[in-house]
There are 2 protein chains.
Amino acid sequence: MKTKITSPACAEKLKVLSDPTRLGVLESLMSGPKNVGELMGELDVEQSLLSHHLATLRDAGLVESFRDGKTMIYQLPESVADSTAGKAINLGCCKISFD
Amino acid sequence: MKTKITSPACAEKLKVLSDPTRLGVLESLMSGPKNVGELMGELDVEQSLLSHHLATLRDAGLVESFRDGKTMIYQLPESVADSTAGKAINLGCCKISFD
DNA sequence: TATTCATATGAATGGAATTTAATATGGACC
DNA sequence: GGTCCATATTAAATTCCATTCATATGAATA
């Protein structure tokens with residue numbers, strides 16, 4: 001009986017983080033909710049491309065969004081925003097903390 | 001002056017982790033050094049494929065290897081094996097901890 | 001309701017990463 | 001030296017992803 005040590009699910013979540021734009025979004029959102037325009041400015045990335053990446057993050061459950069007037073606000077779900085001692089992201093399977 | 005929040009270098013390191021086989025190798029090595037045959041058995045992956053993934057991990061500095069008789073032993077470098085309170089992997093830019 | 005603003009979606013492309021198969025290397029042992 | 005064993009390397013095939021471009025949606029406001 002061969003035991004798979006690691007859940008492929010965890011690798012999949014990590015893959016979502018393994019892109020500079022998506023990682024940038026998450027890092028930015030660690031300091032609070034932002035709308036898409038603000039993220040675009042901060043990360044210096046095109047509208048459509050950012051939107052695709054936001055969709056990937058949303059599909060993975062790493063961000064959530066709601067409308068505010070004519071803009072869309074993105075934020076980290078409570079379960080993901082693990083702020084015990086410094087900035088960290090909780091993926092469920094593992095936790096990533098930044099210095 | 002547009003500030004890139006996240007270092008692309010960190011995303012790149014995370015990409016190395018974002019594969020089930022490579023993540024499995026790291027998790028396995030967290031409990032101690034292993035030779036390639038042992039890893040093959042544990043992870044149920046073909047020799048050549050595992051070798052490729054080990055090379056990727058080595059190139060990223062996430063594992064190191066040395067010969068022991070006729071086998072090759074792989075282990076986590078000291079800088080990576082961050083064992084403060086549970087199992088964790090230190091990427092430099094961030095730290096990944098498993099429950 | 002027509003227009004504009006902010007964001008999302010879909011299809012097409014190019015390039016990179018994964019996988020496989022075949023072969024090479026290099027130490028151990030006879 | 002020759003053979004076996006464990007692992008690495010190369011090249012080719014394939015699959016996956018990021019990016020771009022063009023267009024759609026949908027709320028706000030005139």
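What you see is a predicted model; the values in this text were computed from it and never measured. These values consider heavy atoms only, across backbone and side chains, with no hydrogens, waters or symmetry-generated copies. In what follows, chains are A, B, ... by sequence order, proteins preceding strands, each numbered from 1.
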| said: Strictly distance-based, threshold 3.5 Å: is any side-chain N or O of B:Ser18 a donor or acceptor partner for the main-chain N or O of B:Lys15? | reply: yes
| query | Mind checking which nucleotides bracket the chain B contacts on DNA chain C, 5' to 3', with an atom under 4.0 Å from a heavy atom? | reply | C:dT18 to C:dA28
| said: Give the residues of residues 45-57 of chain A touching DNA chain D, defined as any heavy atom closer than 4.0 Å, sorted by residue number. | reply: A:Ser48, A:Leu49, A:His52, A:His53
| remark: Ranking B:Lys70 and A:Arg22 by the position along DNA chain D of their nearest nucleotide, the one closer to 5' is B:Lys70
| query | Would you find a donor on one side and an acceptor on the other, under 3.5 Å apart, between the side chain of A:Asn35 and the backbone of A:Glu38? | reply | yes
| said: Can a donor-acceptor pair be found, under 3.5 Å and without considering hydrogens, that links the side chain of B:Lys13 to the backbone of B:Cys93? | reply: no
| remark: To the nearest angstrom, the CG-C1' distance between A:Asp19 and D:dT19 comes to 11 Å
| How many angstroms lie between CG in B:Leu39 and NE2 in B:His53, if you round to the nearest 0.5 Å? | 12.5 Å
| Within residues 29-36 of chain A: residues closer than 4.0 Å to DNA chain C (heavy atoms) | A:Asn35, A:Val36
| request: Hey, which sits more toward the 5' end of DNA chain D by its nearest nucleotide, A:Asp68 or B:Gly37? | output: B:Gly37
| remark: To the nearest angstrom, the CD-C1' distance between B:Glu38 and D:dT7 comes to 14 Å
| said: Looking at D:dC17, I'd like to know if its phosphate oxygens (OP1 or OP2) sit under 4.0 Å from a side-chain N or O belonging to B:Lys15. | reply: no
| task | Please answer whether the main-chain N or O of A:Glu27 pairs with a side-chain N or O of A:Ser31 as donor and acceptor at a distance below 3.5 Å. | result | no
| remark: Closest non-hydrogen atoms of B:Leu14 and B:Cys94, given as atom of the first, atom of the second and distance, are CD2-SG, 4.3 Å
| task | Might you point out which heavy atoms bring B:Gln75 and B:Pro33 nearest each other, and give the distance in Å? | result | OE1-CG, 3.7 Å
